Amino acid sequence: MRQGACSFGLWKVAVDYDDMVVHRVRFMRTAPDGPVPIEFTRFLAGKGTGFAPLTSAALGGDGTYAEIYRAVSRIPYGETQSYGEIAKAAETHPRVVGNAMARNPTPLIVPCHRVISSDGSLGGFSPDLEIKKSLLQLEKSSLRRHIS
DNA sequence: GACACATTTTGGA
DNA sequence: TCCAAAATGTGTC
């Protein structure tokens, strides 16, 4: 198991990973520097649209949470889906989706920032909604630049 | 074992 | 049209 951290705006992204499997991703104010997979630095720089071939430990296994995480990871880069949409895809209920996102062990890999409320508002995010806003903005501007 | 959650939907006033 | 309550699965205390 290797650990590393890189910067994203005012925040540090701490990554616990093992070869191609990411076990945990956390947002922290401060973190010891260390190597992270190139996919992370590329994505956070707006130069990558995904984390392949990296995978998340949360995507494996079975059970409702794994279903939800897989459904969320299917959301295309730069797009968003509501909690209700995810709930339908995972054959569960929106309340459970919210809980799964709150307990998400690997944000970014499982793009929980692309999950928003049904009325178009952002919903919530831990530890700071600002991160969610920044990520969506990053993807949107990066996507637009890619098209043009 | 009870309770807290990053929601959504429906029914009644 | 707006407000209140129910549905529901998992992790923590």
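Order of the sequence lines sets the chain letters (A, B, ...), proteins ahead of strands, with each chain counted from 1. Bear in mind that the values here come from a model prediction, so they are computed numbers and not experimental data.
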*Please list all pairs passing the side-chain hydrogen bond (donor to acceptor under 3.5 Å, both in side chains) test where one or both residues lie in residues 88-97 of chain A, with sequence neighbours left out.*
none
*Above 12 or not: heavy atoms from other molecules or residues under 6.0 Å from CD1 of A:Ile38?*
yes
*Which residue lies toward the 5' end of DNA chain C, A:Arg103 or A:His93, if each is placed at its nearest nucleotide?*
A:His93
_Partners passing ring-ring contact (aromatic ring centres under 6.0 Å, His included) against A:Phe8 (at least two apart in sequence or in another chain)_ = none
_Run the side chain to side chain donor-acceptor pair (under 3.5 Å) test against A:Lys12 and tell me which residues pass, sequence neighbours left out._
A:Ser7, A:Asp33
_So A:His113 and A:Glu139, do their side chains get closer than 4.5 Å, heavy atoms only?_
yes
*Positions of residues 63-75 of chain A (non-hydrogen atom under 4.0 Å from DNA chain C), listed by number*: A:Thr64, A:Tyr65
*Which residues satisfy the side chain to side chain donor-acceptor pair (under 3.5 Å) test with A:Asp119, sequence neighbours excluded?*
A:Ser121
*Partners passing side chain to side chain contact (heavy atoms under 4.5 Å, CB included) against A:Leu59 (at least two apart in sequence or in another chain)*: A:Ser56, A:Tyr69, A:Arg70, A:Ser73, A:Val110
*P atom, B:dA6 versus C:dC3: distance in rounded Å?*
22 Å
*If you look only at pairs with a residue in residues 37-46 of chain A, which of them pass as a side-chain hydrogen bond (donor to acceptor under 3.5 Å, both in side chains), with sequence neighbours excluded?*
none
_Distance-minimising heavy-atom pair for A:Ala89 and A:Ala71_ = CB-CB, 4.1 Å
*Can you tell me if A:Ser142 uses its side chain to pair, donor with acceptor, with the backbone of A:Gly46 under 3.5 Å?*
yes
*Would you grab the first and last nucleotide of DNA chain B (5' to 3') that comes under 4.0 Å of any non-hydrogen atom in chain A?*
B:dC5 to B:dT8
Can you give each donor-acceptor pair under 3.5 Å made by side-chain atoms of residues 15-25 of chain A, sequence neighbours left out, with the distance rounded to 0.1 Å?
{"unit_1": "A:Asp16", "atom_1": "OD2", "unit_2": "A:Arg24", "atom_2": "NE", "d": "3.4"}
{"unit_1": "A:Asp16", "atom_1": "OD2", "unit_2": "A:Arg24", "atom_2": "NH2", "d": "3.0"}
{"unit_1": "A:Tyr17", "atom_1": "OH", "unit_2": "A:Pro35", "atom_2": "O", "d": "3.0"}

*Got a sec? Which of residues 104-126 of chain A come in under 4.0 Å of DNA chain C, heavy atoms?*
none
*asked:* Can you tell me how the ring of A:Phe40 sits relative to the ring of A:Phe51, calling it parallel under 30°, perpendicular over 60° and tilted otherwise?
replied: tilted
_5' priority, DNA chain B, between A:Ser82 and A:Arg95 [closest heavy atom]_ = A:Arg95
*Secondary-structure notation, DNA chain B, from Watson-Crick and G-U pairs under 3.5 angstrom (| other strand)*: |||||.|||||||
*Kindly write out the residues that satisfy side chain to side chain donor-acceptor pair (under 3.5 Å) with A:Arg26, not counting sequence neighbours, or none if the list is empty.*
none
*Distance between the P atoms of B:dA4 and C:dA5, in whole angstroms?*
16 Å
